[in-house]
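This report concerns only the one structure given below.
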Amino acid sequence: MLDASLFGADFSRRDFMKAITAVTAVMGLPATMIPKVAAAAESDNRPPVIWLHFQECTGCSESLLRSSHPGLGNLLLDVINLEYHETLMVGSGEQAEKALHDAIVAHKGKYILVCEGAVPLAENGIYCQVGGTKAVDSLRVAADGAFAVISMGTCASLGGVQAAAPNPTGAVSVSSLVEDRPLINLPGCPPSPYNLIATILYFLTMGKLPEMDAENRPLFAYGRRIHEHCERRPHFDAGRFAKDFGDEGHALGYCLYELGCKGPATYANCSTLRFNDNVAWPVSIGHPCVGCTERLVFNTSIFDKVDIIDPTSPAWFPPTKVTPSGKPVSAISALGVGAIAGAALGFAAGKGSTLPKE
Ligand code: SF4
C-alpha cells in the first residue's frame with residue numbers, strides 16, 4: 001500500500017482543512033458540509049484503489065503529484081487505500097505483477113479501478129502490453145472485480161490522441177469497454193486532480209455517485225461551459241477579439257475565439273479551478289482552449305471555430321464598457337467599479353435619507 005509519506009512533507013491539520021474546504025467547493029456543496037466531508041475523509045473506511053496505465057503519457061498522474069504544495073496528493077493518499085499504481089510503486093517485474101493480482105483477489109468487488117490511457121484493439125491488442133499481458137486483458141480482469149471504474153483523463157474517457165485518425169493501433173476508450181460497472185469519466189488533458197478527489201469524497205460523504213451527464217461526467221465539474229466563467233468573457237460580449245498571436249488585442253487580453261478557442265463548446269471547470277495550484281489555465285496565459293474534455297479535441301483543427309450556443313451573456317454578468325481612454329474594463333474591474341459606484345450611490349442615498357427635514 002502506498003501512503004502519504006510519498007510526498008515527503010508534513011501535512012498539518014490546517015493543510016488538511018484547507019484541502020477539504022477547496023474540494024467541498026468543487027463538489028458544489030455548501031460550507032456547512034465541510035465537517036461531514038472532513039469526517040468522511042478521516043474515516044477508516046478508505047476504499048481500495050487499483051490504478052492501471054495503458055496508452056498514455058502519465059500526465060494525469062503527474063497533474064496530481066506535481067502540485068507545488070503537497071496538499072492534494074497527501075489528501076488523496078489519506079482518503080484512499082492505493083493498492084497498486086505502476087508509476088508510484090517501488091516494486092517491478094514479477095513482484096509488481098503479484099501485487100496487482102493479490103490486490104484484485106483481496107479486494108474483489110470492493111475496489112475502485114482508476115484507468116489512465118486508451119486501449120488498443122488492432123491486431124488483437126498487441127500494441128500495449130505490460131508483463132506480457134495485453135492492456136485489453138488487464139482491463140477486463142481488473143474491471144471484472146471492481147466496484148466502480150473511473151476513467152482518468154481524455155484518453156481513458158474518450159480515446160484521446162491515440163484514437164484520433166488514422167488511429168493505427170485501433171485505440172478505444174476504457175469507458176467503451178467497461179460493462180456492468182458504475183463508470184465515471186473525468187476527461188481532461190490533463191484532468192484537474194481536484195475532480196478525482198472530489199468524486200471519491202462525494203461518494204464517501206453522500207454514499208452514492210455524483211449526478212452525471214450523458215458522457216458519464218460528474219455534473220459538479222462538467223455541468224457548465226468554461227465560456228460561462230472565463231475572465232475574457234466581457235471582451236467576447238463586447239466584440240473585442242485577438243486576431244493573431246502577439247497582436248495588440250492578444251496583448252490586451254481580448255477574447256481568443258477568433259484564434260480557435262473552444263471554450264464556448266467545452267464543458268469543464270478549468271476557468272474556475274485553474275491549474276498549477278489554482279494559479280493559471282491556458283486561456284489566462286493567452287492560449288485558446290483546445291476543448292480537451294470533449295470529443296472534438298484531436299479531431300478538430302486548433303484554429304477551427306466552434307458554434308456559439310448562447311451568444312449573449314447571462315443577466316448577472318457585469319455590464320461591459322469601454323473607459324474614456326479607450327481601455328477595456330475587465331469583468332473584475334467592472335465588478336469593482338460597480339461595487340464602488342454602488343457603495344457611493346448607497347452612501348449618497350443613505351446620506352440623503354438622514355438629511356434634516358426643512
Ligand atoms: Fe474565454 Fe474562449 Fe469564451 Fe473567449 S471564447 S470568452 S477566450 S472561453
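Numbering of ligands and ligand atoms starts at 1, following listing order.
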How far does [atom1] of [X] sit from [atom2] of [Y], to the nearest 0.5 angstrom?
{"X": "T300", "Y": "R295", "atom1": "OG1", "atom2": "CZ", "answer": "12.5 Å"}
{"X": "K134", "Y": "Q129", "atom1": "NZ", "atom2": "CD", "answer": "6.5 Å"}
{"X": "L186", "Y": "S151", "atom1": "CG", "atom2": "OG", "answer": "8.0 Å"}

Check each atom of ligand 1 against the heavy atoms of [X] and keep those under 4.0 Å away; list them by number with element.
{"X": "H227", "result": "3 (Fe), 5 (S), 6 (S), 8 (S)"}
{"X": "G263", "result": "8 (S)"}
{"X": "R233", "result": "6 (S)"}

Close approach, P264 and ligand 1, non-hydrogen under 4.0 angstrom: yes
Pairing of D237 and R233 as salt bridge, 4.0 angstrom limit: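 Answer for the salt bridge query: yes.
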Look at the N, O or S atoms of C255, main chain and side chain alike, and state whether any lies under 2.8 Å from atom 4 (Fe) of ligand 1. yes
How far apart are the C-alpha atoms of Y84 and Y111, what are their side-chain angles, what is the distance that settles it, and do they pass the ring pair (Phe, Tyr, Trp, His ring centres under 6.0 Å) test? CA-CA 11 Å; Y84 183 86; Y111 61 85; over 10 Å; no
Identity and distance of the protein heavy atom lying nearest atom 7 (S) of ligand 1: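 Ranking protein heavy atoms by distance from atom 7 (S) of ligand 1, first comes L256 N, 3.4 Å.
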For atom 1 (Fe) of ligand 1, which protein heavy atom lies nearest, and how many Å away is it?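 Checking every protein heavy atom, the shortest distance to atom 1 (Fe) of ligand 1 gives C230 SG, 2.4 Å.
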Examine F241 together with H235 and report whether their ring centres are nearer than 6.0 Å.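 Ring centres of H235 and F241 not closer than 6.0 Å.
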Heavy-atom distance to atom 2 (Fe) of ligand 1: which of S284, C261, G253, P288 wins? C261
